[in-house]
Amino acid sequence: MFKNILVAIDGSPGSEKALTAAVDLAAHYRADLTALSVAEVPEVVAMVDEVDELRESAEAHFRKIGEAAVEYARSRGVALRSVVLRGHAADAIVRYAAKESVDLVVVGQHGHSRIARFFLGSTSDRVSEHCACTVLIVK
């Protein structure tokens, strides 16, 4: 049923649950599995140097999360590819899923920012609304 699964990870407890579910599904369906992290940089920063420093720091943080996801999947007998992109999380997930012909996106119900979720809506809500493929939201 599913041949190409994408799981969104950000290091939050919700994304850890999503990773667990995605690894189980990939093992069951013998599907390709990719973990995607999105490094979001705040809109307002004082100087260009600060932007570069924030991007590098965020990307390094998400690379470590991706490495841990690869190890977890490997311990369960599943190969996982980790990707880090820059941008807005929901938009990047939807675009990546379309570009890579993903047939299942797995996301946690809640990521890190409760304040942003209150004002802007959650990433999982946006992904499920705009993604062309099946979306599994893990609680």
Quick check for you: to the nearest 0.5 Å, what is the distance between [X] atom [atom1] and [Y] atom [atom2]?
X      : Y      : atom1 : atom2 : value
His28  : Ile5   : NE2   : CD1   : 10.0 Å
His61  : Ser37  : NE2   : OG    : 8.0 Å
Asp32  : Glu100 : CG    : CD    : 10.5 Å
Gln109 : Thr123 : CD    : OG1   : 12.0 Å
Ser101 : Leu6   : OG    : CG    : 12.0 Å
Glu56  : Arg63  : CD    : CZ    : 9.0 Å

**Study point:** Hydrophobic cluster identity match, Val70 and Val83, side-chain contacts under 4.5 Å
**Key:** no

Check your understanding: Under 4.5 Å between side-chain heavy atoms, hopping through other hydrophobics if needed: is there a path connecting Ile137 to Ile9?
Key ->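 Different clusters: Ile137 never reaches Ile9 through Ile, Leu, Val, Met, Phe, Trp or Tyr contacts under 4.5 Å.
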
Review point. Can you list the steps and then say if Val78 with Tyr72 is a side-chain contact (heavy atoms from CB on, under 4.5 Å)?
Key: CA-CA 9 Å; Val78 173; Tyr72 172 75; over 6 Å; no

May I ask you to test the [X]-[Y] pair for a side-chain heavy-atom distance under 4.5 Å?
X      : Y      : result
Leu25  : Leu136 : yes
Leu36  : Leu85  : yes
Phe62  : Asp10  : yes
Asp125 : Ser122 : yes
Asp103 : Lys3   : yes
Val23  : Leu33  : yes
Val135 : Val107 : yes
Glu40  : His88  : yes

For residues [X] and [Y], report the shortest heavy-atom separation together with the two atoms involved.
X      : Y      : result
Gly66  : Ser82  : CA-OG, 3.2 Å
Ser15  : Ala8   : CB-O, 3.8 Å
Phe2   : Tyr29  : O-CB, 3.4 Å
Ser124 : Gly108 : CB-O, 3.5 Å

Exercise for review: Evaluate side-chain contact (heavy atoms from CB on, under 4.5 Å) for Leu80 paired with Thr34, printing each intermediate quantity in order.
Suggested key: CA-CA 5 Å; Leu80 179 142; Thr34 302; over 6 Å; no

Check your understanding: Should Arg74 and Glu71 count as an ion pair when the cut-off is N to O under 4.0 Å?
Key -> yes

**Study point:** Residues Val105, Cys133; criterion side-chain contact (heavy atoms from CB on, under 4.5 Å); working and verdict
**Key:** CA-CA 7 Å; Val105 175; Cys133 68; 3.6 Å; yes

**Study point:** side-chain contact (heavy atoms from CB on, under 4.5 Å) between Leu104 and Val106, worked out
**Key:** CA-CA 6 Å; Leu104 175 66; Val106 183; 3.9 Å; yes

